[in-house]
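One structure below.
Fair warning: this is a prediction, and the values are worked out from it, not measured in the lab.
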Amino acid sequence: VQLQASGGGLVQAGGSLRLSCAASGRIFSNYGMGWFRQAPGKEREFVGAIMLSGRTTYYADSVKGRFTISRDNAKNTVYLQMNSLKPEDTAVYYCAAVPGYSGSSSRLYDYWGQGTQVTVSS
């Protein structure tokens, strides 16, 4: 499956952004999806994930209550709505896909998008 992330940009602290990740090449509804991020000089970290049907999501503690993941299986797209952004959210954000159930470990995922930069200014 090919993944294309978009929607990143520069935003002030307290603002919002919505990232999109469009998938192609396979039956999207068969894939669990995850979002990860990597800040300069840091390891890639889990942001959140969504199960096949979209009814179950889970998040890293650092974004819980501020970020929301959703998916539209008809459009082969997963979204990451980011609200109340903080400077520490600045990173390159990646979407990832795995056949079946998703999880918080990056090692689970077989497919990765190219990343989209999110910069939050203070």
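Qualifying side chain to side chain contact (heavy atoms under 4.5 Å, CB included) partners for Ser29, counting only residues two or more places apart in sequence or in other chains: Ile27, Asn73. For Phe36, the ring pair (Phe, Tyr, Trp, His ring centres under 6.0 Å) partners two or more places apart in sequence, or in a different chain, are Phe46, Tyr109, Trp112. Thr56 is linked by a side chain to side chain donor-acceptor pair (under 3.5 Å) to nothing, counting only residues two or more places apart in sequence or in another chain. Contacts of Tyr94 classified as side chain to side chain donor-acceptor pair (under 3.5 Å), with partners at least two apart in sequence or in another chain: none. Among residues two or more places apart in sequence or in another chain, the side chain to side chain donor-acceptor pair (under 3.5 Å) test is passed with Glu45 by Arg37. Looking at residues two or more places apart in sequence or on another chain, you find a side chain to side chain contact (heavy atoms under 4.5 Å, CB included) between Glu88 and Lys86. For Lys64, the salt bridge (Lys or Arg N to Asp or Glu O under 4.0 Å) test picks out Asp61, with sequence neighbours left out.
Tyr58 and Val98 fall within the same hydrophobic cluster, where Ile, Leu, Val, Met, Phe, Trp and Tyr residues are linked whenever their side-chain heavy atoms come under 4.5 Å apart, directly or through other members. Tyr79 and Ile69 end up in different hydrophobic clusters when Ile, Leu, Val, Met, Phe, Trp and Tyr side chains are linked at under 4.5 Å. Under a hydrophobic clustering in which Ile, Leu, Val, Met, Phe, Trp and Tyr are joined whenever their side-chain heavy atoms come within less than 4.5 Å, directly or via other members, Val92 and Val120 fall into different clusters. In this structure, Val47 is a member of the same hydrophobic cluster as Tyr111, with clusters built from ILVMFWY side-chain heavy atoms closer than 4.5 Å.
Between Ser102 atom OG and Ile50 atom CD1 the span is 8.0 Å, to the nearest 0.5 Å. With rounding to the nearest 0.5 Å, the separation of CE in Met33 from OG1 in Thr77 is 9.0 Å. Atom OH in Tyr93 sits 10.5 Å away from atom OG1 in Thr116 (nearest 0.5 Å).
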Check residues 1-23 and write down every donor-acceptor pair under 3.5 Å in which the side-chain atom is one partner and the other belongs to a residue at least two apart or another chain.
residue	atom	partner	partner atom	Å
Ser16	OG	Asn83	OD1	2.9

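Sorted by first and then second residue, the salt bridge (charged side-chain N to carboxylate O under 4.0 Å, His left out) pairs involving residues 66-76 (not counting sequence neighbours) are Arg66-Asp89. Judged as a salt bridge (charged side-chain N to carboxylate O under 4.0 Å, His left out), not a single pair has a partner in residues 96-121 (not counting sequence neighbours). The disulfide (SG to SG under 2.5 Å) analysis of residues 38-76, with sequence neighbours excluded, yields no pairs. Residue pairs meeting the disulfide (SG to SG under 2.5 Å) criterion with at least one partner in residues 28-84, sequence neighbours excluded, do not occur; the list is empty.
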Between Val78 and Trp35, does a side-chain contact (heavy atoms from CB on, under 4.5 Å) hold up when you go through it step by step?
CA-CA 9 Å; Val78 63; Trp35 285 96; 3.9 Å; yes
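In this structure, Tyr31 and Ala97 approach most closely via the heavy-atom pair CD2-CB, 4.0 Å.
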